[in-house]
Amino acid sequence: MSDSPLAAEPPNTLTDSRELLLGYLDYYRATVLRKLDGLPEDDLRTSRLPSGWTPLALLKHLAFVERRWLRWGFAAEQLDDVWDDQGPGDGPWHVRPDESAEQIKRLFLDECDRSRAIVAEAGLQERARSGGGFDPTGERPALIWILFHLLQEYARHAGHLDVVRELADGATGE
């Protein structure tokens, strides 16, 4: 997994809420890829934790998190597959043997690009569209809420990868 995009943490002088939120999302997207850089294919597919998830499966999970929350949930795109990272019979966070690390990385990058396009066309206060992945009888969340949810999910999973990477090869840090 090379050629990870380099995203810096947004500057502490930034005061625009939208730029700050989107800057941190891109920072954590890049952080996840950076933490996977340099791991051989075997380590990307090996779990080091009792729960059994692998670093490559976590990346696939995050691609589908983007898809579920922004394409299916917020934009109400009618998608055939929003749960491939949690397929029946495969258990949660699975990667099929025929899926390469580069394919999963491309899936992740493509979903992030699609998410950015959706967000660029919407206001932070805009509510998720009808017909999407949210309960049609309930309150549809605003884009700002969805983006904060994604941000906390990325931050949490980046921390998980910190631990897994240290267990795999001793690498620590950003």
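One-based numbering along the sequence shown. The basis for the numbers below is simple: all heavy atoms, side chains too, and nothing from hydrogens, waters or symmetry mates.
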*Asks:* Measure the shortest side-chain to side-chain distance between Asp162 and Thr172 over non-hydrogen atoms and say whether it is less than 4.5 angstrom.
*Replies:* no

*Asks:* Compare every heavy atom of Val164 with every heavy atom of Trp53, then report the nearest pair and how far apart it is.
*Replies:* CH2-CG2, 3.5 Å

*Asks:* Short question: side chain of Gln152, backbone of His149 - any donor-acceptor pair under 3.5 Å?
*Replies:* yes

*Asks:* So Thr15 and Leu20, do their side chains get closer than 4.5 Å, heavy atoms only?
*Replies:* no

*Asks:* Check the surroundings of atom CG in Asp80: do more than 12 heavy atoms from other residues, nucleotides or ligands lie under 6.0 Å from it?
*Replies:* no

*Asks:* So, Asp26 and Arg116, do they make that salt bridge, N to O below 4.0 Å?
*Replies:* yes

*Asks:* For residues Ser51 and His160, determine if any side-chain heavy atom of one lies less than 4.5 Å from a side-chain heavy atom of the other.
*Replies:* no

*Asks:* So does Val82 get a backbone contact from the side chain of Arg68, meaning a donor-acceptor N/O pair under 3.5 Å?
*Replies:* yes

*Asks:* How long is the span from the CZ atom in Arg34 to the CG atom in Leu161, to the nearest 0.5 Å?
*Replies:* 11.5 Å

*Asks:* Is there a donor-acceptor pair closer than 3.5 Å between any side-chain N or O of Glu99 and the backbone N or O of Arg96?
*Replies:* yes

*Asks:* With under 30° as parallel and over 60° as perpendicular, where do the rings of His157 and His61 fit, or are they tilted in between?
*Replies:* perpendicular

*Asks:* Check the pair Leu70, Leu143 against side chain to side chain contact (heavy atoms under 4.5 Å, CB included), reporting the backbone distance first and the verdict last.
*Replies:* CA-CA 9 Å; Leu70 289 165; Leu143 179 59; 3.8 Å; yes

*Asks:* Do any N or O atoms from the side chain of Gln103 and from the backbone of Ser100 form a donor-acceptor pair under 3.5 angstrom?
*Replies:* yes

*Asks:* Between Arg114 and Asp110, is the closest basic N to carboxylate O distance under 4.0 Å?
*Replies:* no

*Asks:* Quick check: closest heavy atoms across Gly23 and Pro10, and the distance to 0.1 Å?
*Replies:* C-CG, 3.5 Å

*Asks:* Looking only at non-hydrogen atoms, find the nearest pair between Gly73 and Ala128 and report the distance.
*Replies:* O-CB, 3.7 Å

*Asks:* Enter the distance from Glu77:CD to Arg129:CZ here, rounded to the nearest 0.5 Å.
*Replies:* 9.0 Å

*Asks:* Would you please say whether a donor-acceptor pair under 3.5 Å links the side chains of Tyr154 and Glu66?
*Replies:* yes

*Asks:* Going from CG on Leu22 to CG on Leu150, what distance comes out if it is rounded to the nearest 0.5 angstrom?
*Replies:* 10.5 Å

*Asks:* If you take all heavy atoms of Ala63 and Phe108, which pair is closest and at what distance?
*Replies:* CB-CA, 3.7 Å

*Asks:* Could you tell me whether Arg45 and Glu41 have a side-chain N and a carboxylate O separated by less than 4.0 Å?
*Replies:* yes

*Asks:* What do the steps show when you test Phe64 against Leu107 for side chain to side chain contact (heavy atoms under 4.5 Å, CB included), and what is the final call?
*Replies:* CA-CA 9 Å; Phe64 278 87; Leu107 170 70; 3.6 Å; yes

*Asks:* So, does Thr54 use its side chain to make a donor-acceptor pair with the main chain of Thr46 at under 3.5 Å?
*Replies:* no

*Asks:* Would you give the length of the straight line joining atom CD1 of Ile146 to atom CZ of Phe74, rounded to the nearest 0.5 angstrom?
*Replies:* 6.0 Å

*Asks:* Check for a donor-acceptor pair, side chain of Gln78 on one end and backbone N or O of Ala76 on the other, with a separation under 3.5 Å.
*Replies:* yes

*Asks:* Might you point out which heavy atoms bring Leu56 and Ala101 nearest each other, and give the distance in Å?
*Replies:* CD1-CA, 3.8 Å

*Asks:* Between Arg127 and Arg140, is there a donor-acceptor pair closer than 3.5 Å when you use the side chain of the first and the backbone of the second?
*Replies:* yes

*Asks:* Measure the spacing between CG of Leu109 and CD of Glu102 and express it to the nearest 0.5 Å.
*Replies:* 9.0 Å

*Asks:* If the plane angle is over 60° it's perpendicular, under 30° parallel, otherwise tilted; pick one for Trp145 and Trp69.
*Replies:* tilted

*Asks:* Nearest 0.5 angstrom please: Leu59 CG to Lys105 NZ, how far?
*Replies:* 9.0 Å

*Asks:* Work out which heavy atom in Ala57 is nearest to a heavy atom in Trp93; give both atom names and the distance.
*Replies:* CB-O, 2.9 Å

*Asks:* Could you walk me through whether Arg48 and Asp43 satisfy the salt bridge (Lys or Arg N to Asp or Glu O under 4.0 Å) test, starting with their C-alpha distance in whole Å, then the side-chain angles of each, then the deciding distance to 0.1 Å, before giving a yes or no?
*Replies:* CA-CA 9 Å; Arg48 304 213 181 271; Asp43 283 333; 2.6 Å; yes

